[in-house]
Structures are given as structure tokens and as C-alpha cells.
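Below is one structure, written out as C-alpha cells, with a few remarks after it.
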Amino acid sequence: DRDYPAPKHNEPDLVLLGCGKEKIGGTSAVPAADLYTGPLFSARRKFAEGQNRPWMILSAEHGMVEPGRPLAPYDTAISDLTPERKQAWQQSVRGKVLEYFDGRSGTIGKTVEVHAGADYVSELNKALTGLGVTVVPAFERKGIGVQLGEYAKGYERPTTVGSFGI
């Protein structure tokens, strides 16, 4: 863990990256940040590491995880989850966000920037409803090619944000 400066104007309190289908081979656990090997996750990770903002990964199998948490390869997408597992995922992520921001009073007014697909953003919004957290999708309804291009040229945050999950 490291200390991060307070966010500046339009910087999020936390950046969340969607996991990736392409993973390292084998069955051994590796740090979560090293598990996902696809080009989109690699671009997301490079972006997050260059921002001087705290970041975590949204995993369909494990919820919200720290980049250094050891994970073994798995083959689960958020779209694979049953309604019951989605609800458990939402509760797990909600608990992790509450823990990260030191409880309910710590979430009010916080901003979470999400670099993930629409299905993850939707489930995250459900998870964070009522916490006062603003969820900002980095690429709302943009294809993978567009996202990769934006990361390659230097993704810039929007100067205005939408309020979701409040």
C-alpha cells in the first residue's frame, strides 16, 4: 500500500479496471495485475499505473481485488454469473468499497472511475446504490478498438462527470 495525494479537480478517488479474458497460462497464483495478459487490460493497467491514483481490479470471479493479491487463472465472465452470484458479487464489491473508504460516511462524495465493460459498470452501479459514490465510466459504450486508441494517444478524463450509484 502507498499513500496517494488528494485527488485534484476531476481526478477520481479510486480507479477500477475490468479484468480480462486473456490470462497467464498455468494454474499457479500470481499477483492479480499480472494475471490478465490481453492488450486492453495491459493498456488499462499502464494508464492506471501512470495516474498516481489508487487502483484495483474488478474480477468476475473474485469481486474487487488489489493489484498485488495472488489469484490463480479462472474462466468466469460477469455475464456467466447467475442472478444469485451477481447479487453476491455486488455485496462483496459494496463491502470492499465501504472498507476502502472507511465505512458509509467515508463514501459520500467519493468518485470511482471505471475502465470496464458496460456489464461491469451496471453491476457496480447496483452494488454502490445509496452510498453517495459517483461512478464514472471511462468509456461508455465504446468498442475495444476505440478504447485501445484512446489509451495509446493518452486517455483524458472528462471534465464533467455523471452521477451514478448515488
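The analysis underlying the following values was restricted to heavy atoms, covering all of them including side chains, and did not include hydrogens, waters or symmetry mates.
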- [ ] May I have all residue pairs that pass ring pair (Phe, Tyr, Trp, His ring centres under 6.0 Å) and include part of residues 61-88, sequence neighbours excluded?
- [x] His62-Tyr74
With heavy-atom distances below 4.5 Å as the criterion, would you say the side chains of [X] and [Y] are in contact?
X      : Y      : answer
Thr134 : Val136 : yes
Met64  : Leu14  : yes
Leu58  : Trp89  : yes
Tyr36  : Ser42  : no

Open item on the list: Check whether Thr107 reaches the backbone of Leu131 with its side chain - one donor and one acceptor, N or O, closer than 3.5 Å.
Closed with: yes
Open item on the list: Donor-acceptor pair, distance only, cut-off 3.5 Å: does the side chain of Asp80 make one with the backbone of Ala77?
Closed with: yes
So, are [X] and [Y] salt-bridged, with charged N and O less than 4.0 Å apart?
X      : Y      : value
Arg45  : Asp34  : yes
Arg85  : Glu61  : yes
Glu49  : Lys46  : no
Glu123 : Lys126 : yes

Task: Qualifying residue for side-chain hydrogen bond (donor to acceptor under 3.5 Å, both in side chains) with His115, from Tyr151, Trp55, Tyr155 - done: Tyr151
Open item on the list: What's the separation between atom CZ in Arg53 and atom CG in Asp13, rounded to the nearest 0.5 Å?
Closed with: 6.5 Å
Open item on the list: Please tell me whether Val114 and Val146 are part of a single hydrophobic cluster in this structure, the criterion being side-chain heavy atoms less than 4.5 Å apart.
Closed with: no
